[in-house]
Amino acid sequence: MKDLKFLIISGVFFTLTMSCAQTEKKVGPTLRTAYAEDFYIGAALGWGQILEKDSAESTLIRNEFSSLTPENAMKWMHVHPKLDTFNFEYTDKLVAMADRNDQFMVGHTLIWHNQTPEWVFRDEDNDLNDSTALFGRMKDHINAIMGRYQGKIGGYDVVNEALNDDGTFRESLFYQIGGVDFIYKAFEYAAKADPEAELYYNDYSMNRPEKCDGAVQLAKAIKAKGLRIDGIGMQGHWGLERPTLEEIEASILKIGNAGLKVMITELDITVLPNPRNVEGADLSASFENNAEANPYKNGLPDSVQMALAQRYADLFELFHKHQDIITRVTLWGVHDGQSWKNNWPARGRTDYPLLFDRSLAPKPAHQAVLGVVGK
Ligand code: XIL
């Protein structure tokens, strides 16, 4: 009897030890663990990922990433579709997931000219609002979101894409109605709504010197008004060759030297040709069967796979070098199948811009990123 008990107990112990060892082995080094000392590594999650439809994918998201951003769920048209209607279902779920997984949650985005309903800018007669009415709507929107997630969302893209590539202000409806004040108001409301949350300005093409200068000047103007801004996000929708590492580094330093945190917020590397160079390109049409614009429909050649891995290694080498000023690098999606690049700037293509492939397997680029920090 005693022997049997011993056998059972040691058997259970053996099984437990083995299964722990196996789980550990399966996880191995991940982006999250490899870069734990450097900066957060994040991913933008789409609708299905927020609902945790695929448990293998949910596990991967938990193991590989230390930060999460909603790809669409927090944009004005989704979270606040009508004046008195908020839809917090998806953002609530994502915030709970980030909390459970101990991930830094990013609010994207409070004020942006895209994916914002028309009613924000118009009164009951469909005439354009004046600035007082617009600012009132912005304030209600910001208070509702930031109030709800106080202490749960660590940082927000308060204003997104307010600049042209030459550093001047974009003529959005926000700007036409409110002038540059719309940006100051957004930061003022945000700081009041959640004094603990970090506040960011976020934009693309930040590698362009004029645009980066414009963003840094804007941040200085925000501070000169006695308001708070903590960092600037460089989106990072880049290609295999461009922008150059030198251009990216110059902007990282420019932002860092202005006393602001730097974030690479929407990283993806397209391997596809620019469709604008394809003769007669009609960007509203589907490019699925256009061999010139969509060359890797049936798979990515090894040479391009390796070039992508090298590009990711070079970029992360640069980010690692500037870990003192970079606080987060977020990929704009988890796997290639999910990426918006399959449909932008041309529809119906097959792109390979991320670190996991369509079946969730890590790509050589994933290994290359780990290799930068010797993992
Ligand atoms: C994109 C999403 O990835 C798409 O699913 C959506 O259809 C359009 O928006 N800059 C941003 C992101 O700040 O919010 C955009 O995300 C990509 C460009």
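If you're wondering where the values come from, they're calculated on a predicted model, not measured in any experiment. Order of listing sets the numbers, starting from 1, for every ligand and every atom in it.
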Fill in the blank from the handout: Pocket residues around ligand 1 (non-hydrogen, under 4.0 Å) come out as Glu71, Asn72, Lys75, His108, Trp112, Gln115, Asn160, Glu161, Gln235, His237, Glu266, Trp332, Trp340

Fill in the blank from the handout: Residue pairs meeting ring pair (Phe, Tyr, Trp, His ring centres under 6.0 Å), one or both in residues 185-221, sequence neighbours left out, come to none

Exercise for the section: With rounding to the nearest 0.5 Å, note down the distance linking CD in Glu71 to CD in Gln49. Expected result: 7.5 Å

Handout entry: His237 ring center near Trp344 ring center (under 6.0 Å)
Key = no

Practice task
Report yes if the distance between the aromatic ring centroids of His366 and Phe356 is under 6.0 Å, otherwise no.
Solution key: yes

Problem - Pair Lys211 + Asp203, salt bridge at N-O below 4.0 Å - result: yes

Problem - Shortest non-hydrogen contact from Ala34 toward Leu370 - result: CB-CD2, 3.6 Å

